[in-house]
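Data first, discussion second: the structure below is written as structure tokens.
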Amino acid sequence: MQKISDYTVSVIGSGSWATAMVKMLADNKLEKEVFWWVRREEDVEYINRYRHNPTYLSAVEVKLDKDHVLSDARKVIQSTDIVILNTPASYLKLALKGVEKQDLEGKIIVSAIKGIIPDENLIVGEYLNQRYGIPLDHIVVIGGPCHAEEVSQEKLSYLTFASKDLNKARIVANLLSNRYINANISDDVLGVEYGAVLKNIYALAGGICHGLGYGDNFQAVLVSNAIREMEYFVQEIDPADREINASVYLGDLLVTAYSQFSRNRTFGNMIGKGYTVQSAQLEMNMVAEGYYASDCIQSIIHKNELEMPICNMVYQVLYNHQPATLEVSKLAEKLT
């Protein structure tokens with residue numbers, strides 16, 4: 001394997017989390033070439049001219065060479081050894097349109113995506129393995145707790161890098177660590193991926209309850225039940241010796257459930273206040289991963305005959321259009 005300084009890295013995605021990751025790479029002291037795929041050509045032109053993303057985290061300075069920001073995803077991927085996928089899960093297929101298996105062969109593929117691929121009911125690592133034949137030990141998964149907005153402000157944050165090949169996890173961690181990003185290493189790929197999916201659903205649940213007027217006392221009970229429900233789910237799907245109170249599980253759940261920057265909590269809050277799903281999506285103009293994850297996780301719950309009352313409440317409200325007041329009231333009777 002080559003030295004870290006010999007690697008070229010690409011970021012696929014142009015939202016706030018992708019912009020924050022470009023900043024992390026630029027502020028890391030190791031030598032590297034960084035390429036950035038930005039979907040819209042007009043945004044590419046703006047970034048190259050003004051050194052800022054016009055739509056997301058616009059205060060962040062983009063410290064990349066002008067010819068390294070491109071709208072051709074295949075060209076970007078072909079030019080790099082490490083590919084960081086950083087789109088909403090629902091947009092990943094579109095982002096990789098035109099990309100072939102051979103374009104990804106032999107590369108380290110990093111998922112910074114916290115969602116499930118719609119229509120596939122697969123977490124990103126499983127999708128990449130099945131669709132592109134990427135070996136599971138070539139995949140690195142990034143977990144939080146880490147909001148893009150705080151990265152943009154250079155507030156101390158922690159990331160967990162999970163892979164079946166711990167050496168590859170360390171390589172990616174070393175490339176993204178800097179004075180405000182601390183890195184942890186893990187081999188619990190499925191736990192980290194599913195935990196990141198579930199915490200968005202639980203944050204959405206917390207938002208719904210807040211929108212209905214439930215207070216902090218109830219929210220604390222909801223979240224404590226949520227971490228137990230998360231542990232139950234991941235242990236049923238992938239039995240392993242994991243510490244559910246670690247920052248990548250509990251910490252990520254807490255920040256997503258309570259932070260002002262949590263789009264899933266914001267989305268849920270709007271639903272609790274009476275917004276329809278469509279109107280909430282339009283007003284936010286950002287993707288709340290928990291919405292799509294709820295449908296996908298529900299299929300897995302049904303298939304495996306699992307008891308997941310919090311996830312079920314969210315699904316009933318979002319997809320079966322049941323009254324949030326009624327569903328939360330029923331859920332409250334099951335919490336301890």
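Only heavy atoms go into these numbers, but all of them, side chains included; no hydrogens, no water, no symmetry mates. Here, residue 1 is the first one in the sequence, and each next residue gets the next number.
E150 and S157 share no donor-acceptor pair across their side chains, judged by distance under 3.5 Å alone. Side chains of Y180 and D27: a donor-acceptor N/O pair is present below 3.5 angstrom, by distance only. Checking D188 against Y194 by side-chain atom types alone, no donor-acceptor pair falls below 3.5 Å. In this structure, a donor-acceptor pair under 3.5 Å is absent between the side chains of T8 and T80. R242 and Q235 share a donor-acceptor pair across their side chains, judged by distance under 3.5 Å alone. Side-chain contact check for R263 and T256: no donor-acceptor pair (N or O, by modelled atom type) lies under 3.5 Å. Between the side chains of E236 and N304, not a single donor N or O lies within less than 3.5 Å of an accepting N or O. Side-chain contact of R170 with N167: a donor-acceptor pair under 3.5 Å is absent, judged by distance alone. Remark: the S259 side chain and the S262 side chain contain no N/O donor-acceptor pair separated by less than 3.5 Å. N53 and T19 share a donor-acceptor pair across their side chains, judged by distance under 3.5 Å alone. K32 and N28 share a donor-acceptor pair across their side chains, judged by distance under 3.5 Å alone. A side-chain N or O of D103 and one of Q78 form a donor-acceptor pair less than 3.5 Å apart. Using modelled atom types, one finds no donor on one side chain facing an acceptor on the other under 3.5 Å when comparing R39 with T87. Between E231 and Y249, the side chains place no donor N or O within less than 3.5 Å of an acceptor N or O (distance only, hydrogens not considered).
Taking the six-membered ring where tryptophan is involved, the planes of Y315 and Y319 are essentially parallel, since the angle between them stays under 30° and well short of 60°.
Counting heavy-atom neighbours within 6.0 Å of E243 CD, excluding the residue itself, gives a total above 12. Atom OH of Y91 has 12 or fewer neighbouring heavy atoms from other residues, nucleotides or ligands inside a 6.0 Å radius. Under a cut-off of 6.0 angstrom, the local environment of CD in E61 is crowded, with over 12 non-hydrogen atoms contributed by other residues, nucleotides or ligands. More than 12 heavy atoms of other residues, nucleotides or ligands shown are found within 6.0 angstrom of CG on N245. Heavy-atom contacts from other residues, nucleotides or ligands closer than 6.0 Å to CG of D119 number 12 or fewer. The local environment of CD in E305 is sparse, with at most 12 non-hydrogen atoms from other residues, nucleotides or ligands closer than 6.0 Å.
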(request) Give the C-alpha distance, both sets of side-chain angles, the deciding distance and a yes or no for side chain to side chain contact (heavy atoms under 4.5 Å, CB included) between M21 and W17. (result) CA-CA 6 Å; M21 198 145 286; W17 188 217; 3.6 Å; yes
(message) One pair to check against side chain to side chain contact (heavy atoms under 4.5 Å, CB included): R228 and T336. What are the steps and the verdict?
(response) CA-CA 11 Å; R228 297 198 299 271; T336 59; 3.0 Å; yes
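A single hydrophobic cluster is seen to contain both L254 and V314, as judged by linkage of ILVMFWY side chains at heavy-atom distances under 4.5 Å, directly or through other members. Under a hydrophobic-cluster definition in which Ile, Leu, Val, Met, Phe, Trp and Tyr are linked whenever side-chain heavy atoms come within less than 4.5 Å, directly or via other members, Y232 and L253 are assigned to the same cluster. A chain of hydrophobic side-chain contacts below 4.5 Å, direct or via other Ile, Leu, Val, Met, Phe, Trp or Tyr residues, connects V34 to I181. Under the 4.5 Å side-chain heavy-atom criterion for Ile, Leu, Val, Met, Phe, Trp and Tyr, L318 and M270 are members of the same hydrophobic cluster.
Here SG of C209 is found 6.5 Å from OH of Y214. Values are rounded to the nearest 0.5 Å.
Proximity of a side-chain donor or acceptor of S224 to a complementary backbone N or O of V221 within less than 3.5 Å is detected. Checked by atom type and distance alone, the side chain of S177 pairs as donor or acceptor with a backbone atom of A173 at under 3.5 Å. In this structure, Q322 contributes its side chain and N320 its backbone to a donor-acceptor pair below 3.5 Å. Of the possible polar contacts, one joining the D72 side chain to the K75 backbone as a donor-acceptor pair under 3.5 Å is found. The main-chain N or O of V11 is never found under 3.5 Å from a side-chain atom of N86 such that the two would form a donor-acceptor pair. No side-chain donor-acceptor contact under 3.5 Å links T160 to the backbone of A183. Under the 3.5 Å distance criterion, the side-chain polar atoms of N312 are left unmatched by any main-chain donor or acceptor of M308. Of the possible polar contacts, none joining the S163 side chain to the L166 backbone as a donor-acceptor pair under 3.5 Å is found. A donor-acceptor contact shorter than 3.5 Å is absent between the side chain of N264 and the backbone of A203. At distances below 3.5 Å, at least one donor-acceptor pair connects side-chain atoms of S279 with backbone N or O atoms of T276.
The residues K168 and D165 are annotated as salt-bridged, a charged nitrogen and a carboxylate oxygen being separated by less than 4.0 angstrom. Using a cutoff of 4.0 Å between basic side-chain nitrogens and carboxylate oxygens, E120 and K93 are scored as salt-bridged.
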Going by atom type alone, with no hydrogens or angles, which donor-acceptor pairs under 3.5 Å involve a side-chain atom of residues 124-144 and a protein atom two or more places apart or on another chain?
unit_1 : atom_1 : unit_2 : atom_2 : d
N129   : ND2    : I134   : O      : 2.9
H138   : ND1    : K107   : O      : 3.3

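With sequence neighbours excluded, the residues that form a side-chain hydrogen bond (donor to acceptor under 3.5 Å, both in side chains) with E154 are K23, R179.
Applying the side chain to side chain donor-acceptor pair (under 3.5 Å) test to pairs two or more places apart or on separate chains, those with a residue in residues 324-333 are E327-K330.
Proximity of N200 to L204: side-chain heavy atoms (C-beta onward) are nowhere separated by under 4.5 Å. With a 4.5 Å cut-off on side-chain heavy atoms, D43 and V69 do not count as touching. No side-chain heavy atom of W37 sits less than 4.5 Å from a side-chain heavy atom of L70. Taking the side chain as every heavy atom from C-beta outward, I84 and L25 approach each other to under 4.5 Å. Side chains of I171 and I82 form a contact here, defined as non-hydrogen atoms less than 4.5 Å apart. Between L92 and L85 the shortest side-chain heavy-atom distance falls below 4.5 Å. At least one side-chain heavy atom of Y202 sits less than 4.5 Å from a side-chain heavy atom of C311. Y7 places none of its side-chain heavy atoms less than 4.5 Å from the side chain of L30.
Only one option out of V328, I310, I208 pairs with L222 in a side-chain contact (heavy atoms from CB on, under 4.5 Å); it is I310.
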